[in-house]
Amino acid sequence: QVQLVESGGGLVQPGGSLRLACVASGSIWSINAMAWYRQAPGEERELVATISSDGSTHYTDSGKGRFTISRDNARNTVYLQMNNLKPEDTAVYYCNADLIPAGAPNGMTYWGKGTLVTVSS
């Protein structure tokens, strides 16, 4: 059974940094794109950044300039380094991966349960 589990969230002061991690576990044949989304209270879930299997990255305005997405293919892990955090970055951050489970004929999209990031003084 494939699972995505995020970690690294918490309370941080404005201007601080956090590094989120998301590990994909289970019987996995291959992982294609991985991504980070976030959902602030009362808002819709929005894309922050994506990274392809070859390391190509894309950032939305939410993540551009202060956030860096990276991945470790050997560990099936994607990271989000967040610097100069602002109160408006407060949200639940979700990991997303397009992957092919072992023995499956097609790829599927999986989501983690999220990790809460709170930016407050």
Side-chain angles (χ1 to χ4, degrees):
Q1 183 176 354
V2 175
Q3 286 186 320
L4 300 183
V5 179
E6 301 96 337
S7 62
L11 174 64
V12 63
Q13 292 186 341
S17 298
L18 282 176
R19 188 191 194 206
L20 307 183
C22 170
V23 179
S25 63
S27 298
I28 299 170
W29 178 250
S30 66
I31 302 177
N32 299 316
M34 304 184 81
W36 286 98
Y37 287 74
R38 69 184 185 184
Q39 187 168 18
E43 303 290 333
E44 293 188 353
R45 192 173 299 187
E46 63 175 358
L47 177 66
V48 175
T50 64
I51 185 167
S52 65
S53 57
D54 66 0
S56 300
T57 59
H58 169 74
Y59 297 90
T60 66
D61 288 343
S62 299
K64 197 173 295 183
R66 298 180 294 120
F67 295 177
T68 302
I69 189 171
S70 61
R71 63 190 284 173
D72 183 337
N73 291 331
R75 290 179 169 82
N76 289 346
T77 301
V78 63
Y79 303 96
L80 186 68
Q81 177 68 43
M82 305 186 294
N83 297 326
N84 190 22
L85 283 161
K86 303 177 180 181
E88 52 263 42
D89 295 317
T90 294
V92 178
Y93 285 71
Y94 296 91
C95 172
N96 166 290
D98 291 329
L99 58 86
I100 303 176
N106 299 302
M108 299 175 66
T109 298
Y110 288 82
W111 290 89
K113 294 183 178 180
T115 185
L116 177 63
V117 172
T118 303
V119 184
S120 175
S121 55

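Note that this is a predicted model, so its numbers are computed, not measured.
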All heavy atoms of Asn96 vs all of Thr109, minimum pair found to be ND2-CG2, 3.3 Å

Hey, does the side chain of Tyr59 reach the backbone of Ile69 with a donor-acceptor pair shorter than 3.5 angstrom? yes

### Task
Would you check if the side chain of Thr68 reaches a backbone N or O of Gln81 as a donor-acceptor pair within less than 3.5 Å?
no

Item to complete: Kindly indicate whether the side chain of Tyr93, heavy atoms from C-beta on, has any atom under 4.5 Å from the side chain of Cys22.
Response: no

TODO: Ignoring hydrogens and angles, tell me if any N or O in the side chain of Thr90 forms a donor-acceptor pair with the backbone of Val119 under 3.5 Å.
DONE: yes

| said: Using a 3.5 Å distance criterion without hydrogens, assess whether the side chain of Arg71 forms a donor-acceptor pair with backbone atoms of Ser52. | reply: yes

**Prompt:** Have Asn83 and Ser17 got a donor and an acceptor in their side chains that come within less than 3.5 Å?
**Reply:** yes

Margin query: Just so I know, are the side chains of Arg66 and Met82 near enough to count as touching, which here means a heavy-atom distance under 4.5 Å?
Written below: no

Next on the checklist: Can you tell whether the side chains of Glu6 and Lys113 come within less than 4.0 Å, N to carboxylate O?
Outcome noted: no

Apply side-chain contact (heavy atoms from CB on, under 4.5 Å) to the pair Ile31 and Val78, showing each step before the final yes or no. CA-CA 11 Å; Ile31 302 177; Val78 63; over 6 Å; no

Working note: Cys95 + Trp36, criterion side-chain contact (heavy atoms from CB on, under 4.5 Å); need CA distance, chi angles, decisive distance, verdict. CA-CA 5 Å; Cys95 172; Trp36 286 98; 4.2 Å; yes

**Report entry** Residue pair Phe67, Leu85: steps toward the side-chain contact (heavy atoms from CB on, under 4.5 Å) verdict
**Finding:** CA-CA 9 Å; Phe67 295 177; Leu85 283 161; 3.9 Å; yes

